Amino acid sequence: PSSPSPNPQGDNNQTPRIPASHSPSIRKKGVNDFDFGKTLGEGSYSTVVSAIDRTSRREYAIKILEKKHIIKEKKVKYVNIEKNTLNKMNHPGIVRLYYTFQDQNSLYFVLDHAKNGELLTFIKKLGSFDLICTRFYAAQIVSAIEYMHSQGVIHRDLKPENILLDENMHIKVTDFGTAKMLESTEDGEDDRANSFVGTAEYVSPELLKEKSACKSSDFWALGCIIYQLIAGRPPFKGSNEYMTFQRIVNLEYTFPEGFPPVAKDLVQKLLVLNPSERLGSGGKVGIAKLKKHPFFEGTDWDNIWNTPAPRLL
Ligand SMILES: O=C(O)[C@@H]1CCC(=O)N(CCc2ccc(Cl)cc2)[C@H]1c1ccccc1Cl
């Protein structure tokens, strides 16, 4: 098209739109733009494969979902939720969605490749984290939760399997297929998100009792994760899901010998049955109070994403 004549108002809606197919830089990506490598993980509805962009040579993790399976399992809604929530996220502690595309049989999500895998692997390998490491990772999780909630998103299924580690051993929260986008993002106007139950050991009592989660449900999961980093196992674990749920709603858990008192105090303030009394709840004010807890003493909240991760011993 001829170059547009300068428009006195300066608005550019007069500029003729160049069809994407004519401009190489914004062409829609497709399967043939990548060399696929090894499988990184298999979910019940997706497979994640490492892949290299043939042009940029950049490495990605591509999440592939089979359309037939998604439709059969009635999970189309979750696919759209994952795409829409991930598209809204732009934070160092949250896995980034670069492109999406599809072909006849599958949907493709091109994501960050977090090279060091799941936080759960390190908990299993080391047995437990010392206080310095626990504080670093807990602070990064709080920072990621604070950002998600500021965007009106509740994750609803936070757990060590969904907290990945990048090459610098910094976290990348993933798996937003079960997230909930709240209408209102103002402080304190927490809507209740309905249906869907997370992973048994980390599910909040309000989700079990009222079938609805709120932002505070992510702080319950944080309490379970901090407990697990130190104790090497989650606080609520029954011999089956029903027994686990019973322990959660009855707040049946104990601290092992030697559990550091400052961490115990924080966990006791997060694992509170009433969501509005949980430390961290109540919007920005609530999160500020959480960040001030003695457990986080010495945390430089403005620099945790460019502070080297402590060596996991
Ligand atoms: O929302 C979008 O960006 C597009 C819009 C056009 C489109 O057809 N899709 C795929 C819709 C879809 C969702 C689930 C199944 Cl099982 C099949 C098709 C969407 C899509 C494409 C690629 C990857 C994910 C999605 Cl949701």
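In listed order, ligands and their atoms are each counted from 1. Just so it is clear, the structure is predicted and the values come from calculations on it, not from any experiment.
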Quick check against the 3.5 Å criterion: does Asn168 have a side-chain atom that pairs as donor or acceptor with the backbone of His170? no

Atom 22 (C) of ligand 1: the protein heavy-atom neighbour that sits closest, reported with distance to 0.1 Å: Phe101 O, 3.5 Å

Between the side chains of Tyr99 and Asp33, is a donor N or O closer than 3.5 angstrom to an acceptor N or O? no

To check your reading of the model: name the closest protein heavy atom to atom 23 (C) of ligand 1, its residue, and the distance in Å. Thr100 CB, 3.6 Å

Within a distance of under 4.0 Å, is there any protein heavy atom near atom 19 (C) of ligand 1? no

Roughly how far, to the nearest 0.5 Å, is CD of Glu201 from CZ of Arg247? 10.5 Å

Among all protein heavy atoms, pick out the one at the shortest distance from atom 1 (O) of ligand 1; state its residue, atom name and that distance to 0.1 Å. Lys83 CD, 3.5 Å

Going by a strict under-4.0 Å cutoff (protein heavy atoms only), does atom 14 (C) of ligand 1 have a neighbour on the protein? yes

Which residue in the set Leu164, Leu97, Asp166, Val95 passes side-chain contact (heavy atoms from CB on, under 4.5 Å) when paired with Asp112? Val95

Could you tell me which atoms of ligand 1, counted from 1 in the order shown, lie closer than 4.0 angstrom to a heavy atom of Ile70? 16 (Cl)

Would you check if there is a donor-acceptor pair between the side chains of Asp265 and His293 at a distance under 3.5 Å? yes

How close does the nearest protein non-hydrogen atom get to atom 12 (C) of ligand 1, and which residue and atom is it? Leu107 CD2, 4.2 Å

Does Gln102, backbone or side chain, put an N or O under 3.5 Å from an N or O of ligand 1? yes

From Phe136 CZ over to Ile141 CD1, what is the distance, rounded to the nearest 0.5 angstrom? 10.5 Å

Can Tyr202 and Gln228 be counted as having a side-chain donor-acceptor contact under 3.5 angstrom? yes

Provide the number and element of each atom of ligand 1 under 4.0 Å from a heavy atom of Asn80. 26 (Cl)

